[in-house]
Amino acid sequence: MNAKANTAMNRQDFEQALRDKGAYYHIHHPYHRAMYSGRCTPEQIRGWVANRYYYQVRIPQKDAAIMSNCPDAGVRRLWLQRILDHDGHEGDVGGIEAWLTLAEAVGLSREEVIDERHVLPGVRFAVDAYFNFARRATWQEAACSSLTELFAPEIHQSRLDSWPQHYPWIEENGYRYFRKRLSEARRDVEHGLAITLDHFVTEAQQQRAFEILQFKLDILWSLLDALTMAYVHQTPPYHTVTDQPVWHRGL
């Protein structure tokens, strides 16, 4: 019996199919659309910043987990830059510190963001699911999950283009993170994309890559679903069993 023919996509078509997944990127979520169209309240902006911080601090931990599973020193040397970008190094305070500057620019205190008092259970669950996937998956699959960076420059640019106009109360120095990530995300995606195109070469592997990228897209979408429930519909966690909405106190 003849072996089943390999019907995998060629490298160019595979890359385009990965890029087409951008239709599911969270830039299209109603919460984000409201942010860049100027329809968010200060509380909704602050809620997003405070909750997204939990994602930011998990990124370098996720990247360290990927490196711990990777036997290729060349890959590790390149991937290490992602950790330095977020944790900082000489001459660069790093993305986490830049995010805390954003938090202060929208009216939050560093203390209330760092202690994660505003982080919603749904946000924590989704972010931890991503971290645990990266920790347990092969390093190539974990690298593939980073490919939402294909679409990240557009989302950062949308904030830089629209927020100063719609939210003049946000201090200008808060936008440093978005400017910083414009170039970093483009550089990072070149590396992650090359790993994915090199490793996922059979039909089954490419299907797996699509599943992984969709999983990451689902993570990002779910974060905004949780924020929508709490900050748009005013139905915070456990709202039916408590009258103490500590999830947003002080925002």
**Request:** Determine yes or no for a side-chain-to-main-chain donor-acceptor pair under 3.5 angstrom, with N51 supplying the side chain and L227 the backbone.
**Result:** no
**Request:** Look at the side-chain heavy atoms of Ile, Leu, Val, Met, Phe, Trp and Tyr, link any pair under 4.5 Å apart, and say whether L18 and F133 land in one connected group.
**Result:** yes
**Message:** Do W163 and L160 land in one hydrophobic cluster if side-chain heavy atoms of ILVMFWY residues count as linked below 4.5 Å?
**Reply:** yes
**Intermediate values then yes/no, salt bridge (charged side-chain N to carboxylate O under 4.0 Å, His left out), E97 and K180** = CA-CA 12 Å; E97 179 61 30; K180 186 175 188 295; over 6 Å; no
**Item:** Ring-ring centroid check Y24 H28, cutoff 6.0 Å
**Value:** no
**Check: S109 main-chain N/O paired with E112 side-chain donor or acceptor under 3.5 Å** = yes
**Message:** Side chains of S162 and Q165: any donor to acceptor distance under 3.5 Å?
**Reply:** no
**Request:** Looking only at non-hydrogen atoms, find the nearest pair between S146 and K216 and report the distance.
**Result:** CA-NZ, 4.4 Å
**Complete:** Minimal heavy-atom distance between N69 and A137, with the atoms involved, is ND2-O, 3.6 Å
**Asked** Would you say Q205's side chain and T202's backbone share a donor-acceptor pair under 3.5 angstrom?
**Response** yes
**Expected output: side-chain D13 to main-chain M9 donor-acceptor under 3.5 Å** = no
**Salt-bridge present (R181, E184; N to O < 4.0 Å)** = yes
**Request:** Dump the intermediate steps for side chain to side chain contact (heavy atoms under 4.5 Å, CB included) on E149 and E190, then the final yes or no.
**Result:** CA-CA 9 Å; E149 291 167 343; E190 290 180 6; over 6 Å; no
**Prompt:** Is I96 close to P60 at the side-chain level, that is, under 4.5 Å between some pair of heavy atoms?
**Reply:** yes
**Message:** Atom CD of residue position Q12 - does it have more than 12 heavy atoms of other residues, nucleotides or ligands inside 6.0 Å?
**Reply:** no
**Asked** How far does CZ of R135 sit from CG of D128, to the nearest 0.5 angstrom?
**Response** 10.0 Å
**Asked** Is there a donor-acceptor pair closer than 3.5 Å between any side-chain N or O of Y31 and the backbone N or O of V232?
**Response** no
**Item:** Short side-chain to backbone donor-acceptor contact, D92 and G88, under 3.5 Å
**Value:** no
**Request:** Determine the minimum heavy-atom distance between W169 and V106, stating which atoms define it.
**Result:** CZ3-O, 3.4 Å
**Asked** Does any N or O in the side chain of H239 come within less than 3.5 Å of the main-chain N or O of P236, such that one atom is a donor and the other an acceptor?
**Response** yes
**Prompt:** Does R82 make a cation-pi contact with W79 (under 6.0 Å, within 45 degrees of the axis)?
**Reply:** yes
**Prompt:** Nearest 0.5 Å, what's the CD1-CD distance between I219 and Q214?
**Reply:** 11.0 Å
**Test: E211 and R208 ion pair at under 4.0 Å** = yes
**Prompt:** Mind checking whether E203 and Q207 have side chains closer than 4.5 Å, heavy atoms only?
**Reply:** no
**Note, M35 side chain near I45 side chain (heavy atom, < 4.5 Å)** = yes
**Prompt:** Do V57 and L108 belong together in a cluster built from hydrophobic side chains that touch within less than 4.5 Å?
**Reply:** yes
**Prompt:** F178 and L102: which non-hydrogen atoms are nearest, and at how many Å?
**Reply:** CZ-CD2, 3.8 Å
**Prompt:** Under 30°, 30 to 60°, or over 60°: which ring-plane class applies to Y130 and F215, parallel, tilted or perpendicular?
**Reply:** tilted
**Item:** Between CZ on residue R11 and CG on residue L197, distance to nearest 0.5 Å
**Value:** 4.5 Å
**Request:** Can you measure from CD1 (I66) to CD1 (I83) and round to the nearest 0.5 angstrom?
**Result:** 9.0 Å
**Request:** Would you confirm whether the ring centroid of Y177 sits within less than 6.0 angstrom of the ring centroid of W99?
**Result:** yes
**Prompt:** Applying the 4.5 Å side-chain criterion to the ILVMFWY set and letting contacts propagate, would L80 and I195 be lumped into a single cluster?
**Reply:** yes
**Asked** What residues, two or more places apart in sequence or in another chain, satisfy side chain to side chain contact (heavy atoms under 4.5 Å, CB included) together with N173?
**Response** T101, A105, E171
**Message:** With rounding to the nearest 0.5 angstrom, report the NE2 to OG1 distance, H191 to T196.
**Reply:** 10.0 Å
**Prompt:** If you look at every heavy atom in G192 and L147, which pair is closest and at what distance?
**Reply:** C-CD2, 3.7 Å
**Derivation of the salt bridge (charged side-chain N to carboxylate O under 4.0 Å, His left out) call for E172 and R179** = CA-CA 12 Å; E172 196 278 336; R179 295 191 184 97; 2.7 Å; yes
**Request:** Let me see the working for H166 and R39 under side chain to side chain contact (heavy atoms under 4.5 Å, CB included), right down to the final yes or no.
**Result:** CA-CA 8 Å; H166 296 306; R39 292 181 285 115; over 6 Å; no
**Stacked cation flag R58 on Y55, 6.0 angstrom / 45 deg** = no
**Item:** Near-ring test W221/H29, centroid separation under 6.0 angstrom
**Value:** yes
**Request:** Taking Y25 for its side chain and I155 for its backbone only, find out whether a donor-acceptor pair lies under 3.5 Å.
**Result:** no
**Request:** Show your working on side chain to side chain contact (heavy atoms under 4.5 Å, CB included) between R19 and L193 and close with a plain yes or no.
**Result:** CA-CA 10 Å; R19 292 183 181 277; L193 182 60; 3.8 Å; yes
**Request:** List the steps and the verdict of side chain to side chain contact (heavy atoms under 4.5 Å, CB included) for L223 and H26.
**Result:** CA-CA 9 Å; L223 301 184; H26 64 161; over 6 Å; no
**Asked** Got a donor-acceptor contact below 3.5 angstrom from the T148 side chain to the L217 backbone?
**Response** no
**Message:** Does the structure place the NZ or CZ of R159 under 6.0 Å from the centre of the six-membered ring of Y175, at an angle of no more than 45° from the ring's axis?
**Reply:** no
**Donor-acceptor under 3.5 Å (Q234 side chain, Y231 main chain)** = yes
**Item:** Distance, nearest 0.5 Å, that separates CG of L213 from CZ of F200
**Value:** 10.5 Å
**Request:** State plainly whether one hydrophobic cluster holds both Y167 and V113, where clusters connect Ile, Leu, Val, Met, Phe, Trp and Tyr through side-chain heavy atoms under 4.5 angstrom apart.
**Result:** yes
**Message:** For F14 and F210: C-alpha separation, side-chain torsions, deciding distance, then whether ring-ring contact (aromatic ring centres under 6.0 Å, His included) applies.
**Reply:** CA-CA 10 Å; F14 181 37; F210 296 138; 5.6 Å; yes
**Item:** Where L120 and P237 come nearest, the two heavy atoms and their spacing
**Value:** CD2-CD, 3.7 Å
**Prompt:** Would you call D72-R77 a salt bridge at under 4.0 Å N-O?
**Reply:** no
